Amino acid sequence: MKYLYIGLFVISFANASVVDDYLNSLKKEVQSQNPTFEGFDYKRGEEIFTSKHIGKKGKEISCVSCHTANLNQTGENFFTGKKIEPLSPKANPKRFTKVKTIEKWLRRNFNDVYKREGTAKEKGDVITYIINK
Ligand code: HEC
């Protein structure tokens, strides 16, 4: 049992560092254009995640439309009805473990909702919201 706990600690520690490193690189990107930038913000992230927009397919949509407002819960794709595993790393330890996956889905999902890619600031804000909610 002792080893199991140590193992879980190592895994969760490793995951935390992937997302922390990614957030740090986004922060540097924002600061390169805005030297007074202080850091990502949960409240701005919440607004990005919950506000509705006319999306790529001409329908009013938000991140909540597919991921639900409860990030510990299984979501459902607004268009296809397919199940989506919980987005919160607290409920789903596979989340935010690979930068490639995070970037691929943020690019796609910002396009779904905002019809453009997210900026470094928006991505940092929305991740800060998701991992702390
Ligand atoms: C049309 C449905 C849909 C919308 C709208 C949507 N997502 Fe997603 N999202 C998905 C699907 C499908 C996946 C990938 C399947 C999976 O990982 O379970 C995903 C995966 C992700 C991931 C990957 C996390 C990881 O490490 O596994 C992030 C982050 C994410 N979405 C954030 C967002 C944000 C932020 C928004 C709003 C700008 C958003 N999503 C809107 C369907 C959606």
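Source: prediction; values computed, not measured. As the structure lists them, so they are numbered: ligands from 1, and atoms in each ligand from 1. Along the sequence shown, residues are numbered consecutively beginning with 1.
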Looking only at non-hydrogen atoms, the one of Thr101, Asn109, Val18 nearest atom 8 (Fe) of ligand 1 is Asn109
Query raised in the report: So, does Asp125 use its side chain to make a donor-acceptor pair with the main chain of Asp41 at under 3.5 Å?
Result: yes
Of Thr68, Thr74, Asn70, the one forming a side chain to side chain contact (heavy atoms under 4.5 Å, CB included) with Asn72 is Asn70
query = Going by heavy atoms in the side chains, are Arg95 and Glu85 under 4.5 Å from each other?
reply = yes
Heavy atoms of Asn77 and Cys66 approach each other most closely as CA-SG, 3.9 Å
If we number the atoms of ligand 1 from 1 as shown, the ones under 4.0 Å from a heavy atom of Ile102 are 26 (O)
*Between Lys43 and Glu46, is there a salt bridge with N-O shorter than 4.0 Å?*
yes
Within 4.0 Å of some non-hydrogen atom of Ser62, the atoms of ligand 1 are 5 (C)
Quick one: do Lys123 and Glu29 make a salt bridge, cutoff under 4.0 Å? no
On the ring face of Phe37, is Lys121 found with NZ or CZ under 6.0 Å from the centre and within 45° of the axis?
no
If you compare Arg95, Lys104, Glu85 by their heavy atoms, the one closest to atom 16 (C) of ligand 1 turns out to be Arg95
Does the residue Gly75 have a heavy-atom contact with ligand 1, meaning some pair of atoms that are separated by less than 4.0 Å? no
When distances are taken from atom 3 (C) of ligand 1, the protein heavy atom at minimum range is Cys66 SG, 2.7 Å
Note: Phe96, heavy atoms under 4.0 Å from ligand 1, region reported as both
Q) Looking only at atom types and distance, does a side-chain atom of Lys90 sit under 3.5 Å from a main-chain N or O of Lys133, one as donor and one as acceptor? A) yes
If we number the atoms of ligand 1 from 1 as shown, the ones under 4.0 Å from a heavy atom of Phe79 are 1 (C)
Logged contact type for Lys94 with ligand 1, heavy-atom cut-off 4.0 Å, is neither
Quick look: Leu87 vs ligand 1, heavy-atom contacts under 4.0 Å, and the answer is side chain
So for Ile61 against ligand 1, with non-hydrogen atoms under 4.0 Å, the contacting part is side chain
**Item:** Asn34 side chain vs Val30 backbone, donor-acceptor pair below 3.5 Å
**Value:** no
Using atom types as modelled and distance alone, determine if a side-chain donor or acceptor of Tyr114 lies under 3.5 Å from a backbone N or O of Ile48. yes
Closest to atom 23 (C) of ligand 1 among protein heavy atoms sits Trp105 CB, 3.8 Å
Ligand 1 atoms nearer than 4.0 angstrom to some heavy atom of Val126 are 35 (C)
Margin query: I'd like to know if atom 8 (Fe) of ligand 1 has an N/O/S atom from Cys63 within less than 2.8 Å of it, counting both backbone and side-chain atoms.
Written below: no
Rounding to 0.5 Å, atoms CG (Asn109) and NE2 (His67) come to a distance of 5.0 Å
If you scan protein heavy atoms around atom 42 (C) of ligand 1, the nearest is Ile84 CD1, 3.6 Å
Looking at His67, the N, O or S atom sitting nearest atom 8 (Fe) of ligand 1 is NE2
If we number the atoms of ligand 1 from 1 as shown, the ones under 4.0 Å from a heavy atom of Val113 are 5 (C)
